[in-house]
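Supplied in structure tokens, the structure appears directly below.
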Amino acid sequence: MAVEVLPLAQLKLATGPSPVTAEQRYWRSFKNQKSHTSTASWPISHISFPTTVGATTSNSLVAAAKLNDLFAVTSGPRVDIFSIRKREPLKTIGRFDSEAHSGEIRADGRVLVAGEDSGKMQVFDVGGGTRAVILKTWHIHKQPVWVTRWSPTELTTLMSASDDKTVRLWDLPSNNPSRMFTGHSDYVRCGAFMPGGNSNLIVSGSYDETVRVWDARSPGGSVLTFKHADPIEDVLPLPLGTTLLAAAGSAISVLDLVAAKPLRLITNHQKTVTSLSLASNGRRVVSGSLDGHVKVFETSGWNVVAGSKYPSPVLSIAVIAAGATQEDRHLAVGMQSGVLSLRTRLSGSAAEKARERAAEEAARDIGPQALDKLDSQKAKRKRKAVSNKAMALLGESVDVIIPTEATNSAGGRARRVKLRPWQEKFRRGRYAAALDDVVDMSGPDYQPVTALTLFVALRHRSALREALEGRDEVTVLPLLRWVSKYISDPRYVSVCVDVTFHLLDIYSEYVGGSSELADQFQMLWGKVSKEVEKAQMAIITTGMVESLMIGRME
Amino acid sequence: MVSRTDVNGDTAALKKRKREQKDDAVLALKRLRSKPHAKQQSNGNVEVASSLGEHGADSSEAPAQNTNGEDVGLPDVSLPEAARGAETEPSASWKVSKPMGGRMLDIDPIFSLDERHLIITYNTSIQVYSAENSLLVRRIALPVTGSDTGNDLMSTHIVASSLSKTSPEYVWVACSDGRIWHINWKTGAGTDTPFIIEVKKVLGMTVEAVEMGGATQDVLLVLKKLTKASGQIMAFDAKALSQGEGQLIHTYDESPQLLQFAAGGRLIVAAAKETLHIGLLKSNKKLNSIGDLEFQFHSFGVPDPITCFDIRSETQTHKKRTEIKSVDLTIGCARGAIYLYDDVLSKLPGGGSRSGKTSLFQPRKYHWHRRAVHCVKWSEDGNYLISGGYETVLVLWQLDTGKIDFLPHLSAAIENIVVSPRGSSYALHLDDNSTMIMSTAEMKPTMYVSGIQSLVLGEQPSKESVVQRVWKPVDEISRPLVTASNPRNPSQMFLCVGNGQQATLGGGVPSTPLLQIFDISSFQSVAKHAIARTNPTDANVTSQGVPIIEPMVTKLSFSPDGKWLASVDEWQPPERDVDAFLTGSKTVGEVSQERRETYLKFWEVGEDDSSLQLVSRINEAHHTSQPEIIFDLASDPTSSRFATIGNDGMVRFWTSKLRRRDGLASTGPEGQQLRAWSCSRTVALPARGQQVDLVETPAKESRSGALTFSEDGSILFAAFGASSEGVVVAIDAETGALRDVVSGMFKGKIRGIKALSSCLIMLSEELTVYDVVSDELQYSFGLKETSEAAKRLTQLAVNYQSRTFALVAPIPNPTQERMRKGAKSELAIFSVDDAEPQLVQTFPLLITSVMPAPESSGFVAVDSKAQIWSVTEGADQAPILQPLADIGIDGDADAKAEADPLDLAGEDGGASDEEMDDADQDVEMEDDYDIHAAVVAPQRLAEIFNAAPAFAMPPIEDLFYQVAKLFSTKPVNA
């Protein structure tokens with residue numbers, strides 16, 4: 001039936017590389033940096049928080065993890081326990097004889113395990129009180145213990161890896177390790193339980209440049225070994241449990257455990273990659289390196305989607321998730337300088353509030369008028385919400401509700417698109433007036449592409465000349481100014497040339513009588529001659545390159 | 001037979017191509033003339049071909065016979081003849097179906113009295129539609145044939161149709177050559193016995209019930225042409241018609257146009273350019289015969305040429321005498337004004353004889369339309385005027401208050417408006433070959449029918465052209481209709497159409513920015529999409545009054561899985577706009593070409609086959625310093641890949657890949673993977689590089705190109721070059737390497753290339769079939785063509801199922817260069833290994849498009865009257881295009897209709913396929929068989945009956961229920 005009147009569709013110009021991608025925007029939204037410097041500026045060696053990503057744990061454990069509000073930061077001989085909500089340290093565990101490593105909180109958020117340089121492993125109660133109670137101490141490792149990890153499925157199982165080249169499995173109540181894996185020929189500096197159903201598998205990376213996968217069920221040595229070119233600094237199993245990332249030197253290798261082969265080598269960092277972390281529910285991986293860069297990778301093609309630079313070498317990194325949906329909350333980066341940087345992304349109502357506050361501040365800066373406007377907008381929104389609510393309630397008692405606005409087939413409100421003044425003028429055939437509106441560069445919603453859209457539409461409608469004709473000095477000048485500004489843009493040049501031709505054709509005879517017009521044409525001439533120069537340079541270059549190519553072919 | 005081997009010898013050798021044969025063949029395919037008359041073959045086709053001149057005469061005689069009342073009933077006599085000839089040929093028995101569809105004429109659609117049916121007059125038929133569900137109830141083909149050979153002024157066409165006022169199941173239909181049919185639209189009877197009146201040309205006809213001799217009977221008024229600027233009104237009743245002698249009522253001098261008869265035969269209004277003639281019955285006595293009909297005529301001038309008018313008369317009866325009480329008259333004029341004359345009778349000079357031209361009246365003037373008012377009508381109660389025109393706006397004038405209401409932005413210009421007998425709805429005939437019924441209360445359509453909206457050659461001059469315009473309507477078809485069929489749903493035909501005939505008004509090339517999806521099995525328009533820029537809601541003329549030119553879709557191609565559609569459209573500013581840009585030695589054409597916009601678009605076809613979503617748009621897919629034409633677009637038959645060839649001498653391959661944003665696969669709202677199309681490979685063709693190096697001049701020479709994939713998709717054949725030296729290049733579709741470069745394969749501009757098994761079929765100024773594997777010429781024909789348009793309209797289509805290809809070419813007409821009315825086309829079907837065409841068929845109309853019939857071995861052709869023809873081979877029943885009337889049911893004759901499928905199903909248990917086919921054919925042959933509505937697509941029936949071989953068929957009871965279900969799903973209003 002009758003077609004709805006739609007505004008003139010904006011011209012789609014060829015898309016160049018976007019300066020800011022959606023992903024970059026997302027990672028930039030981690031704002032409000034908060035820095036903590038550790039006592040005596042000890043380097044931040046480890047950041048961890050209990051994660052349940054990909055783990056098939058009991059429901060209570062998952063629930064506990066979701067309620068968890070704690071994350072642990074290890075620096076020097078201390079482990080600081082922070083609150084995720086408040087971003088502040090709650091308590092500090094300083095009961096280490098030497099440098100502590102790998103302070104890890106259990107998924108239920110009750111106990112923490114850490115190793116230290118002396119070879120001791122201690123389990124602390126992080127629950128009540130400011131002083132952490134030591135619940136358990138093992139001193140079996142004779143060399144520094146660099147890795148202690150809780151099993152994602154069993155509350156009482158944990159693993160350790162040490163400079164004594166061994167990886168061990170522990171049971172919390174017993175005094176001796178339940179299993180010891182030997183095979184590495186150098187320090188073992190990283191390790192993890194495999195997520196998913198196969199938490200019997202443990203992976204470890206060592207300075208002997210190998211990543212080894214151990215199976216608790218099978219006796220003997222490692223079930224899989226991946227040899228690398230550099231010492232392994234960190235390993236990170238992906239949630240699915242079939243892929244493993246290993247940071248070896250400045251590269252990150254992607255290892256496929258099923259096919260038992262490396263998939264890819266990511267070489268985006270310039271210096272040793274020290275830390276890897278999952279983000280966005282396992283869909284992104286964040287890496288930190290000694291070059292001070294933090295990079296975000298997507299997990300299908302392993303392209304870098306975002307990155308940022310920190311002032312000091314990055315030693316540890318974690319994207320701390322919180323809430324029921326486990327969305328990214330903080331980007332925690334620990335540096336060599338002893339600074340822990342916490343950047344936070346607001347979500348939901350918090351973000352809404354922050355936006356409102358920002359708008360209010362901006363309005364206050366502009367002046368009382370803007371503030372009034374903002375207030376009236378707010379009031380309007382509120383009224384609408386109230387009336388909507390009233391309508392919803394009304395529906396329960398009355399028989400028929402006649403909606404004030406027609407609904408379209410999709411169920412939503414079929415709102416008639418309101419035409420902008422220039423669109424309306426264009427539709428009514430008042431082309432010159434429409435043109436005046438869009439080329440006004442001082443207008444509040446001036447956009448060059450709108451003007452281009454109108455110019456092209458006029459050309460399509462054979463009305464370009466009509467729109468340019470019959471102007472006086474005052475109304476022709478904005479057009480000339482517009483053309484001079486955009487004639488150098490390759491996307492605009494075709495239209496600008498046409499407009500210029502018409503303007504010259506129509507108004508050249510008046511140039512003598514108007515100095516402003518003459519000036520404007522002079523400016524346009526200058527601009528065009530500059531472009532011509534550029535084109536000539538390009539042609540010369542083409543000629544040179546061509547002769548080179550011919551020489552090569554011969 | 002000796003000569004035949006000779007011929008074969010000729011064709012096998014390259015050098016002996018029969019190009020130089022310049023003998024005076026009238027034939028499109030010159031080569032055919034050298035064919036031997038192999039007598040034992042009774043070679044119908046060859047004879048037809050070789051004696052085309054006589055054949056043309058035959059066909060011109062045939063309708064003449066028809067007019068004598070013999071042997072009518074087939075739409076075109078020449079066709080069955082030729083088809084018969086083809087059938088007798090032993091090699092392959094090709095059949096040409098009767099045409100379907102057509103173009104709605106600029107004649108008011110007719111409501112049946114109960115408003116249940118709408119009778120629409122097409123250019124070759126009368127079609128009865130159900131007003132409730134838009135379904136075709138009956139198609140009554142009329143033998144309106146182009147009996148004229150060449151003289152386009154005298155082409156016969158239907159000029160008027162009118163419902164009989166005494167027996168409402170009859171319609172009167174008048175043809176310009178003097179034939180008048182009295183057709184029972186409920187049965188379809190009456191098409192073979194027209195009345196014939198002796199006239200030069202019939203201009204109009206109107207019917208009114210007149211009481212004569214105690215009985216009311218239909219009296220026809222016929223407006224006939226005397227000279228170019230004078231006409232006569234004749235009156236006929238049934239008796240007079242059968243004798244062919246009518247009663248002369250009035251003769252007048254101004255070029256006559258419109259005629260209406262009203263008020264029980266007491267009033268005649270005739271319009272002629274700027275004069276109105278009003279005739280009143282002289283005596284108020286009882287009439288006994290039409291001899292008593294005598295009218296007194298008054299004429300008066302009106303301010304502007306009349307394009308349409310409507311009368312509203314009231315009669316009153318007292319003392320058994322009927323008198324006209326009042327007559328209100330409204331006229332629509334060529335410059336957009338509507339004039340209203342109240343109570344004309346009282347103002348007429350009383351009693352006096354012909355008072356000459358008076359303009360005593362001061363009419364009321366209503367001016368909103370920018371251009372000619374195409375139609376103005378009174379509403380039923382007389383309080384409103386309804387008018388429509390080129391602006392695509394239905395205007396409702398409330399007469400008392402002067403308030404105007406609009407129903408804006410309809411899909412095309414309004415041609416006719418009819419108010420239903422009860423006044424509850426309007427029927428609108430739009431210029432895009434569609435008719436709708438709208439309820440007056442809600443202004444919502446309740447019924448919509450649309451035919452193929454391709455460009456047709458109008459029979460009558462447009463109402464716009466009454467006054468001088470700055471534009472000139474296109475009077476020839478110069479471009480083939482771009483069509484494609486959807487592989488996923490083969491009955492759907494995709495046609496690139498314009499905004500109705502107004503697309504022709506721009507001059508130059510017609511714009512075709514719309515894609516019509518037309519289901520040829522149900523013969524209904526499924527959907528229409530804009531695939532290029534359209535301005536449905538903006539004024540469609542510039543301020544100078546020139547129509548705005550919209551882009552023209554030049555190529556259309558589906559991927560083999562039917563998921564993707566690629567289209568090419570181009571637009572360039574009209575030459576009148578580019579005067580200001582002339583610099584140096586450039587011509588207007590060149591400047592305009594520099595500003596050409598060429599888009600290659602890739603569309604994702606939705607699951608329901610009628611929704612299209614634009615996925616990628618490539619601006620200037622081929623360009624040098626300026627955008628270049630895309631000559632051809634080919635689709636890989638094995639994968640979703642397209643190739644294009646452009647004037648820049650490049651072949652580009654286009655493939656889709658997952659759309660990525662910032663290195664991430666982007667997904668749609670439902671999480672589906674999005675794809676984007678981009679150029680995956682560019683291959684430079686060799687010819688041009690050499691030429692540019694050697695001489696600069698060929699760059700100016702117009703080049704041509706064509707593309708095709710081999711059947712297995714491994715090789716892309718590209719033909720490209722200037723008219724003097726073209727090459728055919730075989731490109732490895734995987735690597736892009738040039739496998740072979742052959743020059744001198746075609747002559748002149750290449751217009752089409754197709755690959756069929758190992759052969760390449762090339763269409764240039766000659767038709768060449770070349771075996772690529774054995775590297776030898778199979779055969780070639782020179783084509784005899786005259787104009788550029790004719791060359792463009794020569795087309796090639798390959799049917800891979802029957803391993804044949806069809807060539808259509810306009811038949812050169814020595815008297816007429818352009819492809820106007822009266823142009824004819826010839827279709828020839830070949831196989832690659834036999835130079836003997838399997839069928840040569842002359843069509844009485846220009847064929848604008850040919851394509852292989854999907855899932856069948858035949859071809860489908862669209863002609864310049866928006867009709868579809870199907871050409872099928874042997875026993876192969878094209879699942880498309882069966883005359884719908886033969887299988888549907890008629891709401892009125894439901895009992896009979898029910899009996900039909902029962903009969904089919906009721907045949908003894910193992911109703912085999914052959915029997916079914918026979919039954920179908922029987923039905924098809926019985927032309928006068930009681931025709932029923934088309935509700936059930938023939939494939940549906942075939943699905944039921946061909947589901948299994950005879951011995952494995954389900955029980956007959958099941959069959960019955962299936963068939964019954966099929967027929968009972970759609971509500972039929974009996």
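Letters A, B, ... are given to chains in the order of the sequence lines, protein chains preceding strands, and every chain is numbered from 1.
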(request) On the 0 to 90° scale, with breaks at 30° and 60°, tag the B:Trp571-A:His460 ring pair as parallel, tilted or perpendicular. (result) perpendicular

(message) Ring centres under 6.0 Å, that's the criterion: do A:Phe426 and A:Trp422 meet it?
(response)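 Ring centres of A:Trp422 and A:Phe426 not closer than 6.0 Å.
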
(message) In terms of relative ring orientation, are B:Trp368 and B:Phe406 parallel, tilted or perpendicular, with 30° and 60° separating the classes?
(response) tilted

(message) At a 4.5 Å cut-off on heavy atoms, which part of A:Arg459 comes close to chain B: side chain, backbone, both, or neither?
(response) both

(message) Can you tell me which portion of B:Pro573 sits under 4.5 Å from chain A's heavy atoms? Options are side chain, backbone, both or neither.
(response)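 Looking at B:Pro573, nothing touches chain A.
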
(message) Looking at B:Arg533, I want to see if its CZ is surrounded by more than 12 non-hydrogen atoms of other residues, nucleotides or ligands under 6.0 Å.
(response)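 Enclosed: over 12 neighbouring heavy atoms sit under 6.0 Å from CZ of B:Arg533.
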
(request) Name the region of A:Ser494, side chain, backbone, both or neither, that has any atom closer than 4.5 Å to a heavy atom of chain B. (result)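 No part of A:Ser494 comes within 4.5 Å of chain B.
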
(request) Please look at B:Glu597 and chain A and tell me whether the side chain, the backbone, both or neither of the residue comes under 4.5 angstrom of a heavy atom of that chain. (result) side chain

